[in-house]
Amino acid sequence: MKNEYIYLLLREKIPIREILVKIIDENEKIERRESLEYHIDRWEIISSKYFRSFERSPYTIEYNYYSYVLDGGKSYKYEKDRNSDFYDYTGISYQCRDLLLTTIKDESLEFDEEKDMIIDDKCILNKEKIDWLRYNDKIYSILSKKILSAFKI
């Protein structure tokens, strides 16, 4: 649609079809290249800020978690991201993103498109697993809100 509009505008000034097609093709190449460069730039900026947010123990490759749930959801230890570049750029705490991914990640779950349901090891997701997922969602939701509130202090 856009190229047709450009073609019609150019046709008023340039009567030779081959030249018009060449101009439109070159314009498409430039737009694709610029779009790719833009998205690569976004990826490099955002992902580098995200991965720099993680602090690792100097003695192991383990992450130093500093926000977590205690006593089965009765109390919470939390603080804002120590390196806030990712949060400052995106408005999202890397800890909250990590909690979300942890909550929804479960390698034993699959989605059966034919039956339109979630299955667990080839059987319908059992009530215990659903309850556990809901419980994690609830406690991590509270933790995420507390982490975000720490940014507003």
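Just so it is clear, the model here is predicted, and its values are computed rather than measured. Basis for what follows: all heavy atoms, side chains included, without hydrogens, waters or symmetry-related copies. If you read the sequence from its start, that first residue is 1, and numbering goes on from there.
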Working to the nearest 0.5 Å, report the span between CG of Leu8 and CG of Leu20. 10.0 Å
Does NZ belonging to Lys22 count more than 12 external heavy atoms closer than 6.0 Å? no
Going only through I, L, V, M, F, W and Y residues with side-chain contacts under 4.5 Å, is there a path from Tyr140 to Leu70? no
side-chain hydrogen bond (donor to acceptor under 3.5 Å, both in side chains) partners for Ser84, two or more places apart: Asp88
Heavy atoms from other residues, nucleotides or ligands near CZ of Arg134 exceed 12 (cutoff 6.0 Å): no
In terms of hydrophobic clusters joined by side-chain contacts under 4.5 Å, are Trp132 and Val69 together? yes
Donor-acceptor check, side chain of Gln95 to backbone of Glu79, threshold 3.5 angstrom: yes or no? yes
With rounding to the nearest 0.5 angstrom, report the CG to CG distance, Asn136 to Leu99. 10.0 Å
Membership question, hydrophobic clusters at under 4.5 Å side-chain separation (ILVMFWY): are Tyr78 and Ile142 in the same one? yes
What's the separation between atom CD1 in Ile24 and atom CD in Glu26, rounded to the nearest 0.5 Å? 12.0 Å
Smallest heavy-atom separation, Ile139 atom then Tyr76 atom, equals O-CE2, 3.4 Å
When you look at Tyr87 and Cys96, which way does the side-chain contact (heavy atoms from CB on, under 4.5 Å) test go after all the steps? CA-CA 10 Å; Tyr87 176 81; Cys96 293; over 6 Å; no
Report yes or no: does Tyr94 contribute a side-chain atom to a donor-acceptor pair with the main-chain N or O of Asn83 at less than 3.5 Å? no
Residues two or more places apart in sequence or in another chain: which of them pass side-chain hydrogen bond (donor to acceptor under 3.5 Å, both in side chains) with Arg97? Tyr50
Pair Glu28 + Arg32, salt bridge at N-O below 4.0 Å: yes
Nearest 0.5 Å please: distance from the CG atom of Leu148 over to the CZ atom of Phe151. 7.0 Å
Cluster overlap Tyr7 with Ile30, hydrophobic side-chain contacts below 4.5 Å: no
side-chain contact (heavy atoms from CB on, under 4.5 Å) with Ile19: which residues, sequence neighbours excluded? Ile14, Ile16, Ile23
Between NZ on residue Lys80 and OG on residue Ser67, distance to nearest 0.5 Å: 12.0 Å
Might you point out which heavy atoms bring Lys49 and Phe86 nearest each other, and give the distance in Å? O-CB, 3.7 Å
Between Ser48 and Glu44, is there a donor-acceptor pair closer than 3.5 Å when you use the side chain of the first and the backbone of the second? yes
Determine, step by step, whether Asp131 and Tyr135 satisfy the side-chain contact (heavy atoms from CB on, under 4.5 Å) criterion, reporting the C-alpha distance in whole Å, the side-chain angles of both residues, the deciding distance to 0.1 Å, and the verdict. CA-CA 6 Å; Asp131 291 343; Tyr135 172 76; over 6 Å; no
Test item: side-chain donor near acceptor, Asp137 and Thr103, under 3.5 Å: no
Out of curiosity, does Ile45 fall in the hydrophobic cluster containing Ile40 (side-chain heavy atoms, cut-off under 4.5 Å, transitive links)? no
To the nearest 0.5 angstrom, please state how far the OH atom of Tyr89 sits from the OG atom of Ser53. 13.5 Å
